There are 2 protein chains.
Amino acid sequence: MGSAHSEAACRAREMLDRVGDKWSLPVISELGTETRRFTELRRAIDGISHRMLTVTLRELERDGIITRTVHAVMPPRVEYTLTPMGHALLDAVGSLVTWAEAHLDEIDAARTGYDARAEQASALTRPPGRENR
Amino acid sequence: MGSAHSEAACRAREMLDRVGDKWSLPVISELGTETRRFTELRRAIDGISHRMLTVTLRELERDGIITRTVHAVMPPRVEYTLTPMGHALLDAVGSLVTWAEAHLDEIDAARTGYDARAEQASALTRPPGRENR
DNA sequence: CAGAATCCCAGACGATACTG
DNA sequence: CAGTATCGTCTGGGATTCTG
């Protein structure tokens, strides 16, 4: 029952909530190539904090998108791998990337145009006087 | 060629930041069918507040994903339409939806399993005593 | 009807310090 | 090396009120 839209949009939103946080995608993308250790990921992903890498990995593991393997050695060695489901997700995200690349210029242009128009509009409203250069 | 990952992941993240907020996708999805007025969208999208619809529409318009048309009548009549770029985006998101639908059960299972294991693990650590039922 | 402006809070995220 | 715990900040977004 209800609107046909919610079906699709709703499912998609669940996923964007999952993958749309700040670091999930970089992590997934990095693991797309090959299995990695904690510190390797840390170094490969620019700007991620120690804590956020941990948190992100936990979430992804919980959802079955990555696998965590602990090797009982000293010092500890933990490896992370993308599951088949994770690879499929990476593929799905691919079409977003494609879209983004295809329309990046168009988006920039749209923003510039919008901002220019907004600036003009507010200039009309604004009390006339010397511009604040 | 440094890290192959950043190229793709970075672009994708820009888009997830754009579309990954709480309401962009429902709005886009709703406009995918046909042109809509403000209040129509408000009613169609369950749970969205007046304010957030306004904000979301502004952002999408700024990025050239939707078009805003004002009809100078009383009462005001404003219509929103998906641009071609917007339609393309909706298509791209489609593969995420497909992925989500295909793996929903798998994700639920993974979570349940993970949580169960976590519960067990903490039980071992926890000081033995009577369970808190 | 459509939208702008204000206030406020929960939760996401970063920095830092400690542990096995 | 890998992970946990604690704390402070900052922002997304909800409720509400005012306008053309």
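Lettering of chains follows the sequences in order, A, B, ..., and the numbering in each one begins at 1. These figures come from a predicted structure and were not determined experimentally.
The salt bridge (charged side-chain N to carboxylate O under 4.0 Å, His left out) test applied to A:R77 returns A:E79, not counting sequence neighbours. Among residues two or more places apart in sequence or in another chain, the salt bridge (charged side-chain N to carboxylate O under 4.0 Å, His left out) test is passed with B:R37 by none. Taking the ring pair (Phe, Tyr, Trp, His ring centres under 6.0 Å) definition, one finds that B:F38 meets it with B:H50, sequence neighbours left out. With sequence neighbours excluded, the residues that form a ring pair (Phe, Tyr, Trp, His ring centres under 6.0 Å) with A:W99 are A:H103. With sequence neighbours excluded, no residue forms a salt bridge (charged side-chain N to carboxylate O under 4.0 Å, His left out) with B:E106. With sequence neighbours left out, the side-chain contact (heavy atoms from CB on, under 4.5 Å) criterion links A:R51 to A:S49, A:V55.
Listed in residue order, the members of residues 65-79 of chain B having a heavy atom less than 4.0 Å from DNA chain C are B:R68, B:P75, B:P76, B:V78.
As a whole-Å value, the separation of A:Y80 OH from D:dA2 P is 8 Å. A:L53 has its CG atom 14 Å from the C1' atom of C:dC13, to the nearest Å. Between the C1' atom of D:dC1 and the CG atom of A:L41 lies a distance of 13 Å, rounded to the nearest Å. Whole-Å rounding puts the A:D46 CG to C:dG14 P distance at 12 Å. Rounded to an integer number of Å, the gap from A:L60 CG to D:dG3 P is 13 Å. Nucleotide C:dC1 holds its P atom 16 Å from the CZ atom of B:R36, rounded to whole Å.
Screening residues 64-89 of chain A for ring-ring contact (aromatic ring centres under 6.0 Å, His included) gives no qualifying pairs among residues at least two apart or on separate chains.
For the pair A:R42 and D:dA2, the criterion of a side-chain N or O lying under 4.0 Å from OP1 or OP2 is not met. Contact check, A:R37 against D:dC1: no side-chain N or O comes under 4.0 Å of OP1 or OP2.
In terms of modelled atom types and a separation under 3.5 Å, the side chain of B:R13 and the main chain of A:K22 share a donor-acceptor contact.
To the nearest 0.5 angstrom, A:T112 atom OG1 is 8.0 Å from B:R62 atom CZ.
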Grab the N/O contacts between the protein and nucleotides 13-18 of chain D below 3.5 Å, and write none if there aren't any.
| unit_1 | atom_1 | unit_2 | atom_2 | d |
| --- | --- | --- | --- | --- |
| D:dG13 | OP1 | B:K22 | N | 2.9 |
| D:dG13 | N7 | B:R51 | NH2 | 2.8 |
| D:dG14 | OP1 | B:K22 | NZ | 2.7 |
| D:dG14 | OP2 | B:W23 | NE1 | 3.0 |
| D:dG14 | N7 | B:R51 | NE | 3.2 |
| D:dG14 | O6 | B:R51 | NE | 3.3 |

